[in-house]
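Every chain is numbered from 1 and lettered A, B, ... according to where its sequence line falls, protein lines coming before strand lines. As a basis for the values below, the full set of heavy atoms in this structure was taken, side chains included, without hydrogen atoms, waters or symmetry mates.
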Amino acid sequence: MSIELSEQEVFRRQSLSKLREMGIDPYPAALYPVDNYSTTIKAEFKDEESGKPVCIAGRLMSRRIMGKASFIEIQDTKGRIQVYVSRDDINSEAQPEMYNVVFKKLLDIGDFIGIRGYIFRTQMGEISVHAQELTVLSKTLRPLPIVKYKDGVAYDAFEDPEQRYRQRYVDLVVNEGIKDIFIKRTKVYNSMREYFNNQGYMEVETPVLQSIPGGAAARPFTTHHNALDIPLYLRIANELYLKRLIVGGFEGVYEFSKNFRNEGMDRTHNPEFTAMEIYVAYKDYNWMMEFTEKMVEKVCLDVNGTTDIQVGDKTISFKAPFKRVTMIDAIHEHTGIDISTMNEEELRSVCKNLHVEVDASMGKGKLIDELFGEKCEGKYIQPTFITDYPIEMSPLCKRHRTNPELTERFELMVNGKELANAYSELNDPIDQLERFQEQLKLSEKGDDEAMHIDMDFVRSLEYGMPPTSGMGIGMDRLVMLMTGQQAIQEVLFFPQMKPAPSKSEVEKTEN
RNA sequence: GACUUAGUAGCUCAGCUGGUAGAGCAACAGACUCUUAAUCUGUGGGUCGUGGGUUCGAGCCCCACCUGGGUCACCA
């Protein structure tokens with residue numbers, strides 16, 4: 001059983017056969033000696049250089065045929081350039097039908113072609129390439145969506161998000177600006193690497209498959225190792241492994257960590273996402289705040305050349321330093337209530353009065369966290385460090401040097417969302433074990449996201465970890481901010497999707 | 001997971017109080033040697049997401065399912 005090809009697909013397959021009949025390989029093996037790019041030619045051209053030979057390659061994206069001469073647009077990796085193709089220039093003794101048959105009949109929009117020619121300026125003033133030789137480089141069998149542009153405005157853009165994400169390759173080819181988002185994504189990574197490497201910190205790799213999914217509170221993906229016959233989990237964080245490396249004697253280590261969490265999906269959550277975590281010995285969270293704001297400012301400058309970013313209708317300034325507010329002050333500021341001396345019962349009634357939903361399993365720390373989350377978090381649009389979180393919420397974080405109910409923790413809030421999270425790391429092995437045991441109690445109370453106990457990690461602390469500060473930052477969210485995107489799907493090449501109902505595309509055949 | 005909204009030609013979209021489908025671009029045939037959303041003439045292309053139901057008759061009404069988007073809940 002075969003599924004019928006569309007009319008346009010049938011025509012393209014016929015063109016493919018005809019090319020072969022004419023002795024033209026539609027998928028040639030030899031390299032094509034490209035020596036220029038569309039936008040480079042346009043940027044660097046000077047009129048006295050008219051006639052300079054170039055060799056370019058790319059997709060044929062539009063055609064304006066006027067009898068014996070045509071203008072086409074070639075799209076290469078950097079952009080588009082217009083090419084003038086005339087019959088008498090590209091026909092040759094070997095291929096006298098190059099223009100009338102190959103170019104006009106057998107080529108389609110989307111096909112890869114190579115052009116040898118020279119640069120010139122048209123009568124309308126557009127810098128173009130005058131073709132002297134046309135080479136078929138790869139024939140396309142499916143029609144691309146046709147998006148036309150005039151003065152930067154797209155007409156009939158390919159914009160169904162389902163199709164754009166499922167077929168990102170098409171999105172990247174036809175929609176202007178999509179590639180730029182991903183180019184910026186890589187610039188963000190490069191800028192951050194440069195920042196860390198310049199200070200002597202080392203990029204490392206730690207296990208993705210873990211037998212205890214530690215370092216964060218989240219539901220993991222589960223898998224199974226056949227040879228060992230044990231369950232394994234895709235990591236939800238890499239924190240505990242990086243700290244083991246600090247125990248081992250590295251002064252600063254960092255990792256861009258693809259993490260996996262088996263939770264809901266929406267426009268700020270994808271089941272696999274990237275966090276960058278860095279740990280530096282002999283530092284504390286105050287040092288880390290400065291380190292973080294300088295990093296974010298540098299990244300923003302490197303990527304955008306400015307510290308002001310437009311996200312939706314808001315302008316966000318990443319100019320360091322960022323504002324710092326303790327969590328208790330934040331709650332005071334946004335509710336008018338001072339919770340600093342309250343016990344669990346008093347907090348519970350505050351939540352009730354403010355209509356913040358709570359349940360019986362929540363302890364004092366969780367209640368404060370809920371209050372902050374409901375009443376404050378969304379208010380911090382400009383980058384702001386929220387500091388000194390309750391101890392129950394932070395089982396891997398060192399107790400605050402002046403208040404044992406709090407921890408030396410900060411989160412960086414931007415655009416009403418958490419962007420980064422950092423601690424003065426807990427390095428007291430006895431305290432760490434007790435905190436893990438508290439988590440176990442929470443788990444028995446019904447909290448299915450409480451942390452697992454990792455005894456090997458505790459053992460490593462018993463061997464001694466220097467005072468250390470660590471910081472994690474959500475790379476996808478950072479890229480969203482740096483590119484002004486409002487959905488995580490827009491900054492991931494291939495966001496997670498439910499499999500589309502298959503109509504056995506593979507069975508498609510001609511006839 | 002809940003609510004809501006959508007799925008019609010390769011793409012972007014119309015489609016009346018139910019009477020078995022239209023446009024632009026793309027495609028095909030033709031004209032045109034400086035066009036640029038090229039233009040002009042002509043032509044073809046659709047199991048209207050899938051499966052049921054109501055009806056003389058369903059793209060439209062009803063039910064179920066599939067796959068998106070949005071809002072909420074949980075989370076980074």
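When distances are taken from the side chain of A:Pro143 to each of B:G10, B:U33, B:G68, the shortest belongs to B:G10. Distances were taken from every side-chain heavy atom of A:Thr122 (C-beta onward) to each of B:U35, B:U33, B:G69; the shortest belongs to B:U35. Considering only side-chain atoms of A:Pro145, the nucleotide from B:C11, B:U36, B:A27 that sits closest is B:C11. With distances taken from any side-chain atom of A:Ile146 to the nucleotides B:U33, B:G68, B:A26, the minimum falls on B:A26. Of all nucleotides listed (B:C11, B:A38, B:A29), B:A29 comes nearest to the side chain of A:Lys105. Checked against B:G69, B:U35, B:U67, the side chain of A:Met124 finds its nearest nucleotide in B:U35. Proximity note for A:Tyr155 (side chain, C-beta onward) versus B:C34, B:U71, B:A37: the nearest is B:A37.
Note on A:Ala157: only backbone sugar-phosphate atoms sit closer than 4.0 angstrom, heavy atoms only; bases stay farther off. Heavy atoms of A:Gln163 sit under 4.0 angstrom from primed sugar atoms or phosphate atoms, though from no base atom. Counting any heavy atom pair closer than 4.0 Å across all strands shown, A:Arg267 reaches sugar-phosphate atoms only and no base atom. Among the heavy atoms of the strands, none lies under 4.0 Å from A:Asp89. Within the 4.0 angstrom heavy-atom criterion, base atoms lie near A:Ile65. Note on A:Phe273: a base of the nucleic acid sits closer than 4.0 angstrom, heavy atoms only. Across all strands shown, A:Phe120 has heavy atoms under 4.0 Å from base atoms, whether or not it also approaches the sugar-phosphate. Looking at heavy-atom distances under 4.0 Å, A:Asp88 makes contact with a base. Using a 4.0 Å heavy-atom distance criterion, A:Asp266 is classed as a base contact. If you check every strand for non-hydrogen atoms under 4.0 Å, A:Tyr84 touches a base. Backbone-only engagement by A:Glu418 is indicated by non-hydrogen atom pairs under 4.0 Å involving sugar-phosphate atoms exclusively.
The 12-atom threshold is exceeded at CZ of A:Phe256, counting heavy atoms of other residues, nucleotides or ligands nearer than 6.0 Å. Taking a 6.0 Å sphere around CE of A:Met265, one finds it holds more than 12 heavy atoms contributed by other residues, nucleotides or ligands.
For the C1' atoms, the distance from B:U8 to B:G59 is 7 Å, rounded to whole Å. Going from the C1' atom of B:C48 to that of B:C13 covers 13 Å, rounded to whole Å. Nucleotides B:C72 and B:G52, compared at atom C1', are 32 Å apart to the nearest Å. Comparing the C1' positions of B:A73 and B:C65 gives a spacing of 25 Å, expressed to the nearest Å. B:U12 and B:G7 are spaced 14 Å apart, taking the C1' atom of each and rounding to whole Å. B:C66 and B:G10 have their P atoms separated by 25 Å, given to the nearest Å. For the P atoms, the distance linking B:G44 with B:A21 amounts to 15 Å, nearest Å. Rounded to the nearest Å, the gap between the P atom of B:G51 and that of B:A9 is 16 Å.
Between the side chain of A:Gln8 and the base of B:A26 there is at least one donor-acceptor pair of N/O atoms closer than 3.5 Å. In this model, a side-chain donor or acceptor of A:Gln82 finds a partner on the base of B:U35 within 3.5 Å.
Look at A:Lys148 and you won't find any side-chain N or O under 4.0 angstrom from OP1 or OP2 of B:C11. Here A:Arg64 reaches the OP1 or OP2 of B:A38: one of its side-chain N or O atoms lies under 4.0 Å away. For A:Lys150 and B:A37, the shortest distance from a side-chain N or O to OP1 or OP2 is below 4.0 Å.
A side-chain donor-acceptor contact under 3.5 Å links A:Ser128 to the backbone of A:Glu126.
Distance, A:Met265 CE to B:C72 P: 17 Å, rounded to whole Å. Atoms CD (A:Glu162) and P (B:U8) sit 10 Å apart, rounded to a whole Å. In this entry the distance linking CD of A:Gln496 with C1' of B:U67 reads 14 Å, nearest Å. Straight-line distance from the CD atom of A:Glu263 to the P atom of B:A73: 16 Å, rounded to whole Å. At whole-Å resolution of the value, CD in A:Gln489 and P in B:G69 are 6 Å apart. Nucleotide B:U33 holds its P atom 15 Å from the CG atom of A:Asn91, rounded to whole Å. In this entry the distance linking CD1 of A:Ile90 with P of B:U33 reads 15 Å, nearest Å. The interatomic distance linking A:Asp156 (CG) with B:A9 (C1') rounds to 14 Å, in whole Å.
Taking 4.0 Å as the cut-off between side-chain N and carboxylate O, A:Glu203 and A:Arg193 count as a salt-bridged pair. For A:Arg235 and A:Glu277, the salt-bridge test fails: no basic side-chain N is under 4.0 Å from an acidic carboxylate O.
The pairing partner recorded for B:A58 is none, the criterion being a Watson-Crick or G-U wobble arrangement whose two distances lie under 3.5 angstrom. With a cut-off of 3.5 Å on both Watson-Crick or G-U wobble distances, the partner of B:G46 is given as none. Using the Watson-Crick or G-U wobble rule with both distances under 3.5 Å, B:A6 pairs with B:U67. Under the Watson-Crick or G-U wobble criterion, with both distances below 3.5 Å, B:U39 is paired with B:A31. Pair check for B:C72 finds B:G1; Watson-Crick or G-U wobble, both atom distances under 3.5 Å.
Annotation: of the two residues near RNA chain B, A:Arg87 and A:Glu7, the 5′-most nearest-nucleotide partner is A:Arg87. Nearest-nucleotide positions on RNA chain B place A:Arg63 closer to the 5' end than the other of A:Arg63 and A:Met66.
Using cut-offs of 30° and 60° on the angle between ring planes, the pair A:Tyr233 and A:His452 is tilted. Between A:Phe372 and A:Tyr380, the ring planes are parallel. Angles under 30° get that label, and only those over 60° would be called perpendicular. Between A:Phe457 and A:Phe436, the ring planes lie perpendicular to each other; the angle is over 60°, past the 30° to 60° tilted range. Relative ring orientation between A:Phe322 and A:Phe318 is described as perpendicular, the plane-to-plane angle rising above 60° on a 0-90° scale split at 30° and 60°.
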